[in-house]
Amino acid sequence: MTPWWRHAVIYQVYVWSFADSDGDGIGDLEGVRSRLPYLRELGVDAVWLNPFYPSPQADNGYDVADYRDVDPRFGTLADADALIRDAHALGLRIVVDLVPNHTSSQHPWFRAALAAAPGDPARARYLFRDGHGAGPPNNWTSNFGGRAWTRVPDGQWYLHLFAPEQPDLDWTAPEVREEFHDILRFWLDRGVDGFRIDVAHGLAKDPAMPDVSESEAVHPHWDLDEVHDVYRGWRRIVDAYPGDRVFVGEIWVQSVERLALYLRPDELHTAFNFAFLTAPFDAAALRTAVDDSMRALDQVGAPPTWVLSNHDVVRHVTRYGGGALGLRRAGAAALLMLALPGSAYLYQGEELGLPEVEDLPDGVRRDPVFTRTAGAEPGRDGCRVPLPWSGASESLGFGPGPASWLPQPRAWEALTVARQTADPGSMLSLYRSALAHRRSIPALASGDLTWLPAPADVLAFRRGTDFLCVVNVGDTPAVVPTSASPLLSSGVPAADGTLPGATAAWYLVRD
Ligand code: NOJ
């Protein structure tokens, strides 16, 4: 039996913004549970939940204060158990987010570290260092802007590659390793099917802590070889559990070859493929991303994965140009992604064709990227606006309360799940059909990919012998290499059988 994660479609639920059961304007686990039938009907195989653990929410949950509980904003541990149970009853798997690079500054370990003197073992779980004169230990910068070091009253500095509220752990400390082994077991025992690993390429740091310099080939804190040993230890733990539990790494590295190293048979199972996400809507660029990824991952026996959007990037409708063109391209990209071998990740709302919300008022933005850059960077709130479910109330069915934590554009009244369910030409209907075909066509699960000759703006490939996907990324109609009528198309095919620009179609071919 092929493990499920080798060809699954995994739906990302950003808990803050998926569904609000109690009317406080913030999504919660009961909200997710109430909408599981929607996900089942959509046709996905698994759900990845963004962090729901107790947290001061300095980075919307990526600052974890307790790895073994649920933030009261989102519910209780009993709610998490009920969600896992109901999901399994519906045939949906649950993947939870694990944040090992850093804790919250409110985590008991960090509080103890602050209360301790320099040199105390309580500081050894984090990366405290003396400064250089009055300055920080080195020139490292935070991913969210500003320096990566914060000074504490006794004069030492601690490292945070993200916000100051997210101190980095020292993964050379045996206690840190043991703690995370135990956290893995805690959630595996509760029945989760896998873990998405946050910043998986960041755990190891060069102990000499040299300055980052353009000329050095090896970066001092990203993608160090020492990180792999951590994942070998984790793999031994999940392998001891029944069922096919999975690790998916969030790994931003220089090349797909470096990515593949994390997916060797005794490390992580899969990783997000950011080469595909970051490729422009261009036939050559997309094909290169597909070919390079498949070739590199095949070397280590890992399945390719595909993703177009997530909670950290501008939604792809907007990246692809926005408006009607962005929407057409997004539909075409979805059919491309779902026809490729391997597994695919959908980010909540992409099935509704939601665009980035670019005009949020400054006062409602929560992302530390916005605050730490003093507004120079808008941050990621624009892709985190709560989902429009139904109706015309202020929160568009997101919850029973009057509003949602980020205001939804009024235009989203036309994009609700209810409205799109009733429209066979909607993005939601396209996703539902594509996922239904993906489940029922054997070639889409196991057929080899073979590219067919095609004009410059067109991608055409077979899966197995009888499935054909054609993607026209150009602006003008393209001739397709079959006389069959499409099984599914992201746009209306022309009467002469050509495929319009920014459109993809799937065919079953006998020729
Ligand atoms: C990646 C997560 O996806 C992002 O949302 C978060 O801000 C950083 N890691 C830090 O945890």
Side-chain angles (χ1 to χ4, degrees), residues 10-18 27 48-67 71 74 95-107 110 126-127 140-146 148 150 158-169 171 180 183 194-203 205 221-223 227 247-253 259 262 268 270-274 277-278 305 307-315 345-349 356 365-373 377-385 405-406:
I10 299 147
Y11 184 97
Q12 179 188 352
V13 163
Y14 195 69
V15 181
W16 267 85
S17 303
F18 187 65
W48 151 36
L49 299 163
N50 282 111
F52 50 72
Y53 316 107
S55 161
Q57 306 290 339
D59 184 21
N60 282 17
Y62 283 98
D63 46 324
V64 180
D66 178 354
Y67 289 83
D71 192 298
F74 303 132
V95 172
V96 295
D97 217 310
L98 188 70
V99 188
N101 181 66
H102 43 266
T103 69
S104 161
S105 53
Q106 295 304 312
H107 189 285
F110 194 70
Y126 293 91
L127 292 157
W140 295 3
T141 53
S142 153
N143 253 32
F144 291 162
T150 290
Y158 69 88
L159 179 71
H160 51 85
L161 294 180
F162 294 88
E165 296 87 352
Q166 295 167 295
D168 280 49
L169 287 164
W171 273 86
F180 274 84
I183 293 165
F195 299 89
R196 175 264 187 194
I197 303 155
D198 190 58
V199 201
H201 56 301
L203 274 47
K205 278 94 183 170
H221 64 71
W222 294 137
D223 191 26
V227 79
F247 285 126
V248 49
E250 186 219 17
I251 303 169
W252 293 88
V253 285
L259 183 69
Y262 291 74
L268 306 179
T270 64
F272 295 106
N273 181 357
F274 296 122
L277 182 149
T278 51
T305 70
V307 62
L308 291 167
S309 278
N310 65 35
H311 65 293
D312 291 330
V313 299
V314 172
R315 281 187 177 275
Y345 287 82
L346 310 183
Y347 176 47
Q348 66 175 41
E356 184 82 358
R365 290 187 184 271
R366 283 189 53 91
D367 187 357
V369 171
F370 176 76
T371 37
R372 280 182 66 83
T373 61
E377 298 277 344
R380 301 160 294 177
D381 293 303
C383 66
R384 300 173 175 180
V385 173
W405 68 279
L406 288 173

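We count ligands from 1, going down the list as the structure has it; atoms in each ligand are counted the same way. Side chains included, hydrogens not; waters and symmetry mates left out as well; all remaining heavy atoms used. Counting from 1, the numbers follow the sequence of the chain as shown.
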(request) Could you tell me if any non-hydrogen atom of Arg196 lies under 4.0 Å from any atom of ligand 1? (result) yes

(message) Within the structure, is a non-hydrogen atom of Arg384 found at a distance of less than 4.0 Å from ligand 1?
(response) yes

Looking at [X], which atoms of ligand 1 are within less than 4.0 Å of one of its heavy atoms?
X      : value
Arg380 : 4 (C), 5 (O), 6 (C), 7 (O)
His311 : 2 (C), 3 (O), 4 (C), 5 (O)
His102 : 10 (C), 11 (O)
Phe144 : 7 (O)
Val199 : 9 (N)

With distance as the sole criterion, is a donor-acceptor pair present between the side chains of [X] and [Y] under 3.5 Å?
X      : Y      : result
Asn310 : Glu250 : no
Thr103 : Tyr126 : yes
Ser55  : Asp63  : yes
Tyr262 : Asp223 : yes

(request) Could you walk me through whether Tyr62 and Phe162 pass ring pair (Phe, Tyr, Trp, His ring centres under 6.0 Å), step by step? (result) CA-CA 10 Å; Tyr62 283 98; Phe162 294 88; 8.9 Å; no

(request) Could you tell me whether the side chain of Val307 reaches within less than 4.5 Å of the side chain of Gln12, counting heavy atoms only? (result) no

(request) Apply salt bridge (charged side-chain N to carboxylate O under 4.0 Å, His left out) to Arg380 and list each qualifying residue two or more places apart in sequence or on a separate chain. (result) Asp59, Asp312, Asp367

Students should be able to answer this: which protein heavy-atom is nearest to [atom], and at what distance?
atom                   : value
atom 5 (O) of ligand 1 : Asp312 OD1, 2.7 Å
atom 6 (C) of ligand 1 : Asp59 OD2, 3.3 Å
atom 9 (N) of ligand 1 : Asp198 OD1, 2.8 Å

